[in-house]
There are 2 protein chains.
Amino acid sequence: MEVIAIHCDQCKERYCTQQVSIFNGLTPEENAKIHGLIQRLSFKKGELLILDGQAYDRLMIVHGGRLKAYRDTADGKQQILHLFGPGDFLGERALFAETNSAYTLEALTNVAVCTIPREAFQALLDEHPSISKKILETLSDRLTHLERTLESMGAKTIEKRVSAVLVDFAEKFGKREQGRFEVELPLNREGIANYIGLTRETVTRKMKRLERDGVIRANGNKIIEILDWEALQDSGE
Amino acid sequence: MEVIAIHCDQCKERYCTQQVSIFNGLTPEENAKIHGLIQRLSFKKGELLILDGQAYDRLMIVHGGRLKAYRDTADGKQQILHLFGPGDFLGERALFAETNSAYTLEALTNVAVCTIPREAFQALLDEHPSISKKILETLSDRLTHLERTLESMGAKTIEKRVSAVLVDFAEKFGKREQGRFEVELPLNREGIANYIGLTRETVTRKMKRLERDGVIRANGNKIIEILDWEALQDSGE
DNA sequence: TGAAAACTGTGATGCGATTCACAGTTTTTT
DNA sequence: AAAAAACTGTGAATCGCATCACAGTTTTCA
């Protein structure tokens, strides 16, 4: 059975299922069957995939690109809740109940995603309990991650919040290149501010300070190099 | 098969499994079998059930009482991450990998809990996929709840944070009584402060203000009555 | 029930993040 | 490659939360 792959600038793997750990360990036949259920979509940078409060009933797997999930707050800002990259999935809440989306989902870059309708996915779960264990594992990781974020938001030192989010980005989006560790920031300063509950100016100032202290080095607006990993992890402790 | 129930002041149901939705829909035989796997424990108020960083490999179900999960922060405070009450379960992270606990768990009241070792629970999951679906559902709810907490932490107005946590407590621990809606607060002022990343004094002042504005009424230190639900939900918006 | 312990309320003070405004820089677009 | 748009950096003033200190109150426990 031949399967058509969608066009995708940033995709390393050809198929969604190859990229997502929840589908590991399935036979080629099973894989092919899943592909039959999948709808492939692409979006341009800046497009909104889902609106906060909108009905939504699919599991979505990110094939390539980056997405942000946010809610608009009362004072006109955005509270960013999650960032998603290749291999991440979302919408699992929709799989158990008729709920509306808890956030707006926006493409930070051009993205390619695969979606599976609720019914099909439910059936899949019943046939392959291993998938549901994998999802369980992922959700539990996500929970842990959110707990850590929450912890660093509660910690009073603002320095630490900024450092923590940079470490976070580094782990998820960074890569070692010719001995240097570079991170392409998924958000601009205002986005970072909205992620950790500060203002744009404060983020700017704190990051400048980290740069002056030789902890990071900025390369344009979007890329930072991490010079002193230790200092970044410990700052504020 | 007869099963021994542990003594438990606050328990409404006799057995853990009757109280936890993840075991719904099992036959009496299955229920009895699960009881055979369960270890029953009680703890006194103030006792620590698990230490942050300690090895832990069991699923824990709260039978009666209240627990708080927290981590000590660098500046000597506690960041409270979760509150657990009857029917809640925790430790699901331990079921998938050899991890250490991500927090300290402390009894806020006398508590009774049931625990199931990892191996036994793993086997249970394989035999009863429905359980794993239920857990999936619960985790996804918890994730949503944490997202909301995060959102209200990011929102800059401190008023809103305090209101949000009171609504939170009301939903989880409140009850209507003779037309009045009363909440027995699970935490003292300092605990609330540690939950939402403020100081004790600020929480005091904000709550006093809510009281002056006729939104809530304090009845001693531990109990508040909610007078104006609307105002509480909207304050700051 | 009464004493001790724990918790809460409140004023004064200082620090630091926010706000506002605008210049400077980087990135995108054509 | 030039122009436009988006984003970043920074100073000055303000406002509000944290801190400190202690009195007042509630709760616990003997």
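Naming convention: chains lettered A, B, ... in sequence-line order (proteins, then strands); numbering from 1 in each chain.
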Going by the rule side chain to side chain contact (heavy atoms under 4.5 Å, CB included), which residues pair with [X] if we only count those two or more places apart in sequence or in a different chain?
| X | value |
| --- | --- |
| A:Lys44 | A:Glu47, A:Asn110 |
| B:Glu151 | A:Arg71, A:Gln79, A:Leu81, B:Arg148 |
| A:Thr104 | A:Leu48, A:Leu51, A:Asp52, A:Tyr70 |

For B:Tyr103, ring pair (Phe, Tyr, Trp, His ring centres under 6.0 Å) partners two or more places apart:
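B:Tyr103 satisfies ring pair (Phe, Tyr, Trp, His ring centres under 6.0 Å) with no residue once adjacent residues are dropped.
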Tell me, which pairs form a salt bridge (Lys or Arg N to Asp or Glu O under 4.0 Å) where one or both residues lie in residues 100-117 of chain A, sequence neighbours left out?
none
Salt bridge (Lys or Arg N to Asp or Glu O under 4.0 Å) partners of B:Lys208, counting only residues at least two apart:
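B:Lys208: salt bridge (Lys or Arg N to Asp or Glu O under 4.0 Å) contacts with B:Glu211.
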At under 4.0 Å, does any side-chain N or O of A:Thr202 touch on OP1 or OP2 of C:dT18?
yes
Taking OP1 and OP2 of C:dT18, is either one under 4.0 Å from a side-chain nitrogen or oxygen of A:Lys77?
no
Taking five pairs at each end of the helix from C:dT1-D:dA30 to C:dT30-D:dA1, what angle separates the two helix axes (nearest 10°)?
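Computed from the C1' atoms at both ends, the axes differ by 70°.
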Among D:dC17, C:dT28, C:dA17, the one nearest B:Lys206 by side-chain distance
D:dC17
For nucleotides 5-9 of chain D, tabulate all protein N/O to nucleotide N/O atom pairs closer than 3.5 Å, reporting atom names and distance.
{"from": "D:dT8", "atom 1": "OP1", "to": "A:Arg189", "atom 2": "N", "distance (Å)": "3.4"}
{"from": "D:dT8", "atom 1": "OP2", "to": "A:Arg189", "atom 2": "N", "distance (Å)": "3.0"}
{"from": "D:dG9", "atom 1": "OP2", "to": "A:Thr204", "atom 2": "OG1", "distance (Å)": "3.4"}
{"from": "D:dG9", "atom 1": "N7", "to": "A:Arg200", "atom 2": "NH1", "distance (Å)": "3.2"}
{"from": "D:dG9", "atom 1": "O6", "to": "A:Arg200", "atom 2": "NH2", "distance (Å)": "2.9"}

Under 3.5 Å, side-chain donor or acceptor atoms of residues 87-94 of chain A against the rest of the protein: list the pairs with distances, not counting sequence neighbours.
{"from": "A:Asp88", "atom 1": "OD2", "to": "A:Gly85", "atom 2": "N", "distance (Å)": "2.7"}
{"from": "A:Asp88", "atom 1": "OD2", "to": "A:Lys172", "atom 2": "NZ", "distance (Å)": "2.7"}
{"from": "A:Glu92", "atom 1": "OE1", "to": "A:Arg142", "atom 2": "NH2", "distance (Å)": "2.9"}
{"from": "A:Glu92", "atom 1": "OE2", "to": "A:Arg142", "atom 2": "NH2", "distance (Å)": "3.3"}
{"from": "A:Arg93", "atom 1": "NH2", "to": "A:Asn100", "atom 2": "O", "distance (Å)": "3.0"}

